[in-house]
Amino acid sequence: MKIPDAISGIVGPIRAIRRQIHAHPELRFEEHKTAELVIKELRSYGVDEAHTGLGKTGVVAVVHGSGTEKRMIGLRADMDALPMTELNTFSHASKHPGKMHACGHDGHTATLLAAAKAMAADRSFQGSVAFIFQPAEEGGGGAKAMIDDGLFERFPCEAVFAIHNWPGLRVGEFGLNPGAMMASSNEFEITVKGKGAHAAMPHLGVDPVLVASHLIQAFQSLVSRETKPVDATVLSVTQINAGEATNVIPDHCVMKGTVRTFSTAALDTIEAGMQRICNQLAPAFNAHADFEFVRNYPPTINHPAQAMFAADVAAEIVGESMVQRNVEPTMGAEDFAYMLLERPGAYVFLGNGDVSGLHRASGHGLGPCTLHNPSYDFNDDLIPIGATFWQLLVKRFFEQTTQK
Ligand SMILES: [Zn+2]
Ligand SMILES: [Zn+2]
């Protein structure tokens, strides 16, 4: 693996920052202390510009290369933590119960800081780099908030890239593909209205629980019969609430759940199908079903040229055998999707290894620890690899004449 000495030399202090962020996690749109730390660090590196307050707590720094090139590239990290309590016992474990960096965004932020520090010191690249530190990836749509605040008007990036640490891939292994990396994330809520009755006299009421169970079964036929089998979709009813007593048929039943798809076409099919089933199946049982559907994050879809460009850069650093150019997508969601709707670019997994490093306390969990696990920890060994990737990506990007 080819890590430049200049990057190896800054890993120590950056690792300390990573652990400081890990110990003091902040939830979506509350990343005030984290943003303060990020901006203080960026200014100390001598970046050309540093801006705060984009999308509430977002930060953007700009570093100009040595050339006269006017082009700009965007590199993005996320800063927010999750509302969960950490089970790790090492010294940099969260000091705040109910808040935890269980998705490794502390590591993304630190890695991008390392890259900014390296590139502010060594300007041997053309063009300019926008280092984008976004808030609220975990369900808050912080990327969209930054875009709505004029991110790409103020920083006209030609392309944008992001890394996510990825347990399950070997340490330093890159995984990406030229299409869907992550799914769209959507929520629904259905209220089935029936008619309450004594449970021993069902003929005097309309049982909304029975109607709900028919709806749930019918919904699954949308997944298996109406969407293309090769275009994966998930429809999960995750909550169903009705009634208060064993001998009372309730008058209504509420169902909630999530829909995940890789394509908008599949999403349109599922949403329209659920609406149709609610409208037509519930009345067949003399009930009524109110249907609400909210589209959250769109699918995260890499642009093929930029994805293969990023794969080539990764291969230069870690070797072709450590780059999966057709990595399996996941049904998880990611708000970098919004940036990829605005600009070409790619989202890249960077392997965190099986157990995310020896620094993780033993005795938590069996086998590989996944993201969003209360024992998760970003593997600091990724900082130099990620920072080297960012630096080389920028250099190579501006060596290309066209990246459209
Ligand atoms: Zn996450
Ligand atoms: Zn994440």
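Everything numeric here is computed off the predicted structure, so don't read it as measured data. Numbering of ligands and ligand atoms starts at 1, following listing order.
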Could you check whether R295 pairs with D268 (Lys NZ or Arg NE/NH1/NH2 to Asp/Glu carboxylate O, under 4.0 Å)?
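Looking at R295 and D268, the cut-off is met.
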Look at the N, O or S atoms of H108, main chain and side chain alike, and state whether any lies under 2.8 Å from the Zn ion (ligand 2).
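Under 2.8 Å: H108 has no N, O or S contact with the Zn ion (ligand 2).
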Ring-face cation contact, F291 with R276, 6.0 Å cut, 45° max:
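Negative - R276 is either too far from the ring of F291 or too far off its axis.
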Which N, O or S atom name in H372 marks its closest approach to the Zn ion (ligand 1)?
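Result for H372 and the Zn ion (ligand 1): NE2.
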What N/O/S atom of E138 is the closest to the Zn ion (ligand 1)?
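Nearest to the Zn ion (ligand 1) within E138's N, O and S set: OE2.
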Geometry at the Zn ion (ligand 2) - C103 SG versus H164 NE2 angle, rounded to 10 degrees
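My answer is 100°, to the nearest 10°.
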Would you please say whether a donor-acceptor pair under 3.5 Å links the side chains of H51 and E49?
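Result is yes, a qualifying pair exists.
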Nearest to the Zn ion (ligand 2) - the N/O/S atom of H105, by atom name:
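Checking each N, O and S atom of H105, the shortest distance to the Zn ion (ligand 2) belongs to NE2.
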Distance from Q306 atom CD to I73 atom CD1, nearest 0.5 Å?
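Between atom CD of Q306 and atom CD1 of I73 there are 9.5 Å.
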List the steps and the verdict of salt bridge (charged side-chain N to carboxylate O under 4.0 Å, His left out) for D335 and K144.
CA-CA 7 Å; D335 80 345; K144 184 157 191 316; over 6 Å; no
